[in-house]
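A short write-up of the structure that comes next.
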Amino acid sequence: MSSPTSKLFRPYQFKQMALTTLAVLPMAFHIVSVVFIGYTPEHACSIPMQLNQTNVDNSSTNDFTNATAEVCSIQWQHREDGQMINEETDCLYGVNYSVSKMHTFIAEWDLVCDRDALGRISQSLVLGGMFLGALAAPLADKYGRKPVHVTFNIGLLIVTFAMAFVKSVPAFLVLRFFVGTFQQGMLITVVTYWLELLHLDSRENVGIVNAFMWASSVNVLTLVAFVLRNYNWRILQLALSMFSLFSIVEIFLMDESLRWLQANNKTKKCRALLEKIRSQNKQTPGTDVISDQNDSMPMFGEMVVNSSPPHNTQPESESGHCSLLVTDRILRRHSLITWGLWIANNLTYYGIVMMTPSLAGGRYFSFFLGSVSEMVGNFVLLVLIKKFSRKTTVISLQAVGSVSLLLTSITNQVNGESAEIIEMLLFGISRGAIANSFNAVYLYTPELFPTNLRNAGLGIASAAGRLSGVIAPFSIYMMRVAKWLPSLLFGSLCLTFCFLIRYLPETKGRELPQKIDEIWDWYKVKRSNGFLEKRKI
């Protein structure tokens, strides 16, 4: 009997995993790149040279005696009727920046002061677009994993390329929205695809692969941004968009999910793919490749041997209606708690990312430290998810992240270099822990739903999280009110769901459910005309 490792690294599975992981390398680029292409540089109002002086001739009653430039205002001092009058105006003559105006889109379009909200909205629109992309992801339950994934991935290539050339703020904001839409649709479908590609004993590798790919994406982004730090922000945007070119290769080399083909009675395509898998894995005809690729599913082998279409025992009315996620009692529980988990993790992670540039150490170093902490957290996730249950993994990582974040609300009240270093380390720990809690939740969520509702369950949970993430970019405003407020809010939210997750079932070691009835079996109850009947054990 082959080991789980051999099942994961058979030639066919390896090729499909390698292909799709390379294609999703840019998964984090355009979501967090705003830290580099859209940060707010130091700035002050511009003042004409003839006004930017003191002790000018005061012989005229209304001559200006002083004009002082501040961040978003000009302080005027002039003499009127023998008295010195102080006045304040907006930036009447434009804004001066500490960097070139083309270094960041904030400076290029003067999205500061009374236009500051537009810069924040650009990131909120990305997360809002992710909400739409998550809602669109269930299309993969109807049309297949490959066509939806590839379409969204190519869409991401097109809009990110166009962003490098757009000349107006409204057009830029529209493109930012669709960046989120295509990124999320692409990512959700590929995670479901990975789950259905791997064997039961290797499914936790999906969480690990997803975690390492996200951390790798963030690290590559940081490196590219650092190398191009002295160039126009459009050059960086163009360079990042080029990483999505690999999505075109998926059109020709990526296969449909075998499990999806079976669940939707695609008999002819299913047989053809079975033969392709046998050929690439060098297995003899008659070998049940499905028990090697996925969970033990003998109906696939029977279908090939008997040349008869698989029988779909799931009622047609239950085959893919998203309403079942809230009308079915068990699925409603799974949905509500996973929605909460996604909201807590999403809001906290992006809140931390948006707050990172304000930490000691500077933009690049602080962001690099955070990305390294995510990579270190990947190894912690690897150990936890292999040795312990899904629930224990999520609870452990989320607890560490929330406690670390709550501690920063204390350290930022203390002045001194040591306190700044401790605060930066705590932020790094919380970011690494929450990022990998996020990755564990990404794995755990689709395991809680049947095949024809799996992408819908994951997509809607993701949509709930992305919708809440719209407010994450505005955490900087909360910091202006009280520096400790975002940390207290995000940390408390994550800690709350550490307790609520215990009401979900454990999925480790269980086959991916094909039907809703299989999920009810986990609770040792069965569905019967809308009533619950205790199963006799």
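What you see below is based on every heavy atom in this structure, not just the backbone, and it leaves out hydrogens, waters and symmetry mates.
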side-chain contact (heavy atoms from CB on, under 4.5 Å) for Ile519 and Leu448? Distances and angles first, verdict last.
CA-CA 8 Å; Ile519 298 176; Leu448 293 167; over 6 Å; no
Contact check, side chains of Tyr193 and Met254, non-hydrogen atoms, under 4.5 Å
yes
So Val326 and Leu331, do their side chains get closer than 4.5 Å, heavy atoms only?
no
Report yes or no: does Thr160 contribute a side-chain atom to a donor-acceptor pair with the main-chain N or O of Leu157 at less than 3.5 Å?
yes
Test log, rule side-chain hydrogen bond (donor to acceptor under 3.5 Å, both in side chains), inputs Asn436 and Glu374:
CA-CA 7 Å; Asn436 284 281; Glu374 289 188 33; over 6 Å; no
Is a side-chain donor-acceptor pair under 3.5 Å present for Glu250 with His149?
yes
Gln398 and Ser437 side chains, donor-acceptor separation under 3.5 Å
yes
Minimal non-hydrogen separation, Leu325 against Ser335, with atom names:
O-OG, 2.9 Å
Quick one: pull up OH in Tyr503 and CG in Leu336 and give me the separation to the nearest 0.5 Å.
14.0 Å
Is a side-chain donor or acceptor of Ser462 paired with a backbone partner of Leu458 at a separation under 3.5 angstrom?
no
Chi angles and distances behind the side-chain contact (heavy atoms from CB on, under 4.5 Å) call for Thr181, Met130
CA-CA 5 Å; Thr181 301; Met130 293 172 77; over 6 Å; no
Does Asn264 use its side chain to pair, donor to acceptor, with the backbone of Trp260 at less than 3.5 Å?
yes
Test Phe246 against Val24 for side-chain contact (heavy atoms from CB on, under 4.5 Å), laying out the working first.
CA-CA 9 Å; Phe246 198 78; Val24 300; over 6 Å; no
Say whether Thr392 and Ser389, considering side chains only, have a donor N or O and an acceptor N or O under 3.5 Å apart.
yes
Aromatic ring centroids of Phe438 and Trp214 under 6.0 Å?
no
Would you say the side chain of Thr189 lies within less than 4.5 Å of the side chain of Phe152, judging by non-hydrogen atoms?
no
Salt bridge flag under 4.0 Å for residues Lys269 and Glu256
no
Closest approach of Leu195 and Pro446, non-hydrogen atoms and distance?
CD1-CG, 3.0 Å
Counting N and O atoms only, with roles assigned by atom type, does the side chain of Lys508 sit under 3.5 Å from a partner on the main chain of Phe388, one being a donor and the other an acceptor?
yes
Could you tell me whether a side-chain N or O of Thr348 sits under 3.5 Å from a main-chain N or O of Asn345, the two making a donor and an acceptor?
no
State, with a plain yes or no, whether a side-chain heavy atom of Thr411 is found less than 4.5 Å away from one of Met424.
no
Kindly compute the distance separating CG (Asn439) from CG (Asn378), expressed to the nearest 0.5 Å.
6.5 Å
Could you check whether any side-chain N or O of Ser373 sits under 3.5 Å from a backbone N or O of Gly428, counting only pairs where one atom can act as donor and the other as acceptor?
yes
Rounded to the nearest 0.5 Å, what's the gap from CG on Leu25 to OG on Ser247? Could you check?
12.0 Å
Separation between CD1 (Ile337) and CG (Leu504), nearest 0.5 Å, reads 4.0 Å
Is the backbone N or O of Pro450 less than 3.5 Å from a side-chain atom of Lys515, with the two atoms forming a donor-acceptor pair by type?
no
N/O donor-acceptor pair under 3.5 Å between Arg510 side chain and Glu506 backbone:
yes
List the atom of Leu19, the atom of Leu253, and the distance in Å for their closest heavy-atom pair.
CD2-C, 3.5 Å
Within a radius of less than 6.0 Å around CZ of Phe178, do more than 12 heavy atoms belonging to other residues, nucleotides or ligands occur?
no
Take Val190 and Leu187 through the test side-chain contact (heavy atoms from CB on, under 4.5 Å) and record every step on the way to the result.
CA-CA 5 Å; Val190 83; Leu187 188 56; 4.1 Å; yes
So, Trp194 versus Tyr442, ring centres under 6.0 angstrom or not?
no
Residues Trp520, Asp328; criterion side-chain hydrogen bond (donor to acceptor under 3.5 Å, both in side chains); working and verdict
CA-CA 10 Å; Trp520 282 63; Asp328 182 87; 3.1 Å; yes
Sequence neighbours excluded, which residues qualify as ring-ring contact (aromatic ring centres under 6.0 Å, His included) partners of Phe212?
Phe379
Is the shortest side-chain N to carboxylate O distance from Asp141 to Arg454 below 4.0 Å?
no
Is there a side-chain contact between Thr338 and Tyr444 in this structure, where contact means two heavy atoms from C-beta onward sitting under 4.5 Å apart?
no
Between Tyr349 and Ala435, the two heavy atoms sitting closest are CE1-CB, 3.6 Å
Where Glu275 and Arg278 come nearest, the two heavy atoms and their spacing
OE2-NH1, 2.8 Å
Distance (rounded to the nearest 0.5 Å) between Gln16 CD and Leu258 CG:
11.0 Å
Mind checking whether Ile251 and Ile154 have side chains closer than 4.5 Å, heavy atoms only?
yes
Do Phe449 and Asn455 have side chains that approach each other closer than 4.5 Å (heavy atoms only, starting at C-beta)?
no
Would you confirm whether Arg145, through its side chain, and Ala140, through its main-chain N or O, come within 3.5 Å as a donor-acceptor pair?
yes
Quick one: pull up CD1 in Ile352 and OG in Ser404 and give me the separation to the nearest 0.5 Å.
9.0 Å
If you count the non-hydrogen atoms of other residues, nucleotides and ligands that lie under 6.0 Å from NZ in Lys142, is the total more than 12?
no
Tabulate below the donor-acceptor pairs under 3.5 Å that side-chain atoms of residues 485-499 make, not counting sequence neighbours, or state none.
residue : atom : partner : partner atom : Å
Ser487  : OG   : Thr408  : OG1          : 2.9
Ser492  : OG   : Leu488  : O            : 2.7
Thr496  : OG1  : Ser492  : O            : 2.9

Between the side chain of Ser217 and the main-chain N/O of Ala28, is any donor-acceptor distance below 3.5 Å?
yes
Any side-chain donor near an acceptor of the partner, Thr507 and Trp522, under 3.5 Å
no
What's the verdict on salt bridge (charged side-chain N to carboxylate O under 4.0 Å, His left out) for Asp255 and Lys276, showing C-alpha distance, side-chain angles and the deciding distance?
CA-CA 10 Å; Asp255 291 326; Lys276 179 178 179 179; 2.9 Å; yes
Nearest heavy-atom contact between Gln183 and Met27 is NE2-O, 2.7 Å
Just checking, any donor-acceptor pair under 3.5 angstrom between side chains of Arg259 and Gln514?
yes
Do Val126 and Phe177 make a side-chain contact, defined as non-hydrogen atoms from C-beta onward lying under 4.5 Å apart?
no
